[in-house]
There are 2 protein chains.
Amino acid sequence: MATLDAIFEATIQLLLRDGPHRLTTTRVAERAGVSVGTMYQYFPHKKALIYALNERYLDALGDRIEAACRAHHGAPVDRMIDTLIDTYWRAKTGRADVTRALYRSVVEMDNEALIEVFASRADAACAAMFASAPDMTVADLKRFNLTLLTVIFGTVRNAFERNLSPNEAEELRGELAMMCKAYVRTRMIPHNQQ
Amino acid sequence: MATLDAIFEATIQLLLRDGPHRLTTTRVAERAGVSVGTMYQYFPHKKALIYALNERYLDALGDRIEAACRAHHGAPVDRMIDTLIDTYWRAKTGRADVTRALYRSVVEMDNEALIEVFASRADAACAAMFASAPDMTVADLKRFNLTLLTVIFGTVRNAFERNLSPNEAEELRGELAMMCKAYVRTRMIPHNQQ
DNA sequence: CCTCAAACTGAATGATCCTTCATATATTTA
DNA sequence: TAAATATATGAAGGATCATTCAGTTTGAGG
């Protein structure tokens with residue numbers, strides 16, 4: 001619905017421009033071009049609005065990651081790593097404003113549940129993907145998976161919060177990929193590869 | 001001063017127990033065992049209180065990192081990496097409550113300046129340390145340094161926000177160290193080592 | 001054109017909160 | 001001890017905000 005989208009967009013913009021403690025129901029409504037009452041027809045609380053915003057975003061992010069993982073079943077591990085980094089990085093920087101706004105809104109409420117759900121989805125999707133790699137020979141796949149996800153997600157977030165120049169960001173991304181691949185090689189039991 | 005410490009402690013406890021949007025000057029004063037007026041003798045705003053809290057923490061963290069770096073001048077690179085991870089990890093998990101409370105308070109204000117200062121300190125200290133390693137042969141030290149810091153700090157934070165079991169956390173820490181060292185080996189121009 | 005329901009409106013309400021300041025208490029100085 | 005200075009108090013002012021609801025607008029169906 002157009003009204004709903006307008007409300008979400010307004011929320012994001014205000015979150016970005018003024019920060020979370022200036023995020024007023026009145027202001028959101030005003031910027032969205034509707035009245036406060038209308039907002040309360042879609043969301044019972046202000047919290048519900050922010051919750052819905054995060055849910056929307058994390059669902060979409062989960063979808064993208066699952067799709068990327070599914071699309072690379074059976075690929076070589078190195079390729080999987082490139083994909084994972086690329087997907088996550090692009091999701092974050094593609095609409096950097098949304099990412100930033102949501103990072104800021106996270107504190108407002110108990111969204112640990114949402115994050116938990118997202119983490120589980122990503123965990124499962126990636127574990128399945130890695131398990132399908134023909135050249136995969138790591139002993140403890142669960143540990144391997146947890147490590148990669150934590151490092152990649154954490155690094156991207158941290159990179160995102162420091163104000164890196166596009167150049168630095170691009171470099172960092174390449175280094176991160178290299179690092180993950182080096183880790184894989186450390187963790188792999190030698191088999192009979194090139 | 002005792003009063004100041006009481007106020008800081010009260011702030012941390014309330015931040016943890018009730019979250020940032022329940023952090024009231026009145027409540028902080030009450031829990032600290034002083035009156036609101038007293039608080040305003042130490043801090044002109046509520047923002048100033050939170051700012052001071054973050055400043056305090058980041059200064060201390062910067063001190064620890066600088067000390068660790070200084071103490072390992074001339075050590076082998078692998079040892080430096082262990083030290084860096086260990087120092088940061090311990091600082092975060094040592095008083096996990098404080099860490100968590102501050103992560104939550106960050107949103108309240110423009111503390112980008114504080115973070116910037118901290119990042120610069122850490123950058124400089126680590127760069128100097130790495131440059132002093134006898135076995136250091138990476139071409140682009142700046143890039144190397146940025147990568148390591150971003151990955152380590154980002155991973156630790158991310159690990160901290162997911163509710164990992166102590167076991168998982170410990171495992172992850174080990175894997176992170178291994179990963180960083182593997183990266184170093186990738187980045188080093190072969191010389192004449194073992 | 002009329003009817004009815006769905007969607008929208010925004011002033012009013014009640015609650016919460018930051019900040020101030022006139023006053024009181026403690027501590028130091030003379 | 002008395003005056004002066006520093007520190008502490010907390011009720012009250014003034015502002016902001018989430019939420020409500022009585023009434024208005026819109027638009028589809030007859």
Side-chain angles (χ1 to χ4, degrees), chain A residues 1-57 101-114, chain B residues 1-56 101-111 113-114:
Chain A
M1 183 159 307
T3 305
L4 253 186
D5 283 335
I7 291 175
F8 280 133
E9 256 308 300
T11 307
I12 289 171
Q13 286 177 21
L14 286 180
L15 226 30
L16 258 182
R17 188 178 314 285
D18 305 332
H21 67 286
R22 292 272 167 79
L23 191 76
T24 319
T25 49
T26 313
R27 265 192 274 262
V28 169
E30 187 187 29
R31 188 171 203 92
V34 299
S35 83
V36 215
T38 300
M39 266 200 46
Y40 277 84
Q41 224 143 6
Y42 292 94
F43 307 100
H45 319 296
K46 188 186 162 193
K47 275 180 76 169
L49 165 64
I50 301 178
Y51 187 90
L53 195 67
N54 279 275
E55 191 177 32
R56 224 184 188 217
Y57 176 76
L102 291 186
Y103 276 158
R104 284 178 149 217
S105 81
V106 164
V107 185
E108 290 287 321
M109 30 151 276
D110 154 55
N111 56 2
E112 284 184 18
L114 283 179
Chain B
M1 182 160 306
T3 306
L4 253 186
D5 284 334
I7 291 175
F8 280 134
E9 257 307 302
T11 307
I12 290 171
Q13 287 178 20
L14 286 180
L15 226 30
L16 260 181
R17 187 177 315 283
D18 305 331
H21 67 286
R22 293 273 167 80
L23 191 77
T24 330
T25 49
T26 312
R27 267 192 274 260
V28 170
E30 187 187 30
R31 189 172 201 89
V34 298
S35 82
V36 214
T38 300
M39 266 199 45
Y40 277 83
Q41 223 143 5
Y42 292 94
F43 307 99
H45 318 296
K46 187 187 161 192
K47 276 180 75 169
L49 164 64
I50 300 177
Y51 187 89
L53 196 67
N54 279 274
E55 192 177 30
R56 225 185 188 215
L102 290 186
Y103 276 156
R104 285 179 147 215
S105 82
V106 164
V107 185
E108 291 287 321
M109 30 152 276
D110 153 56
N111 55 2
L114 282 179

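For the numbers below, each heavy atom of this structure counts, side chains included, while hydrogens, waters and symmetry mates do not. Remember, predicted model here, so these are calculated numbers, not experimental data.
Nucleotide C:dC18 holds its P atom 13 Å from the NE2 atom of B:His45, rounded to whole Å. For the pair A:His21 NE2 and C:dC17 C1', the computed distance is 13 Å after rounding to whole Å. One interatomic measurement links the two molecules: CD1 of B:Ile50 to P of C:dC17, which rounds to 14 Å at whole-angstrom precision. In this entry the distance linking CE of B:Met39 with C1' of D:dG10 reads 14 Å, nearest Å. Between A:Lys47 atom NZ and D:dT19 atom C1' there is a gap of 15 Å when expressed in whole angstrom units. Rounding to whole angstrom units, CD of residue A:Gln41 and P of D:dC21 are separated by 14 Å. Nucleotide D:dG10 holds its C1' atom 12 Å from the CD atom of B:Glu30, rounded to whole Å. If you take CG of A:Leu49 and P of D:dA18, they are 11 Å apart, rounded to a whole angstrom.
Phosphate proximity of D:dA8 to B:Tyr42: present, with a side-chain N or O under 4.0 Å from OP1 or OP2. Contact check, A:Thr38 against C:dT9: a side-chain N or O comes under 4.0 Å of OP1 or OP2. The side chain of B:Arg22 places no N or O atom within less than 4.0 Å of a non-bridging phosphate oxygen (OP1 or OP2) of C:dC17. Of the side-chain N and O atoms in B:Thr3, one or more sit less than 4.0 angstrom from OP1 or OP2 of D:dA8. Taking side-chain N and O atoms only, B:Ser35 has no distance below 4.0 Å to OP1 or OP2 of D:dA8.
The two residues B:Val28 and B:Ala10 make their nearest non-hydrogen contact at O-CB, 3.6 Å. The shortest heavy-atom contact between B:Ala101 and B:Leu16 is CB-CG, 4.0 Å.
Remark: the backbone N or O of A:Val36 is not paired with any side-chain donor or acceptor of A:Thr38 at under 3.5 angstrom.
Note on B:Thr25: a base of the nucleic acid sits closer than 4.0 angstrom, heavy atoms only. Among the atoms of the strands shown, only primed sugar atoms or phosphate atoms (P, OP1, OP2) are found under 4.0 Å from some heavy atom of A:Leu23.
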Report the C-alpha separation of A:Tyr57 and A:Tyr103 in whole Å, then their side-chain angles, then the decisive distance to 0.1 Å, and conclude whether the ring-ring contact (aromatic ring centres under 6.0 Å, His included) test is met. CA-CA 11 Å; A:Tyr57 176 76; A:Tyr103 276 158; 8.0 Å; no
Side chain to side chain contact (heavy atoms under 4.5 Å, CB included) between B:Arg17 and B:Arg31, intermediate numbers included: CA-CA 12 Å; B:Arg17 187 177 315 283; B:Arg31 189 172 201 89; 3.3 Å; yes
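Each of C:dT19, D:dA18, C:dT9 was ranked by its minimum atom distance to the side chain of B:Tyr40; first place goes to C:dT19.
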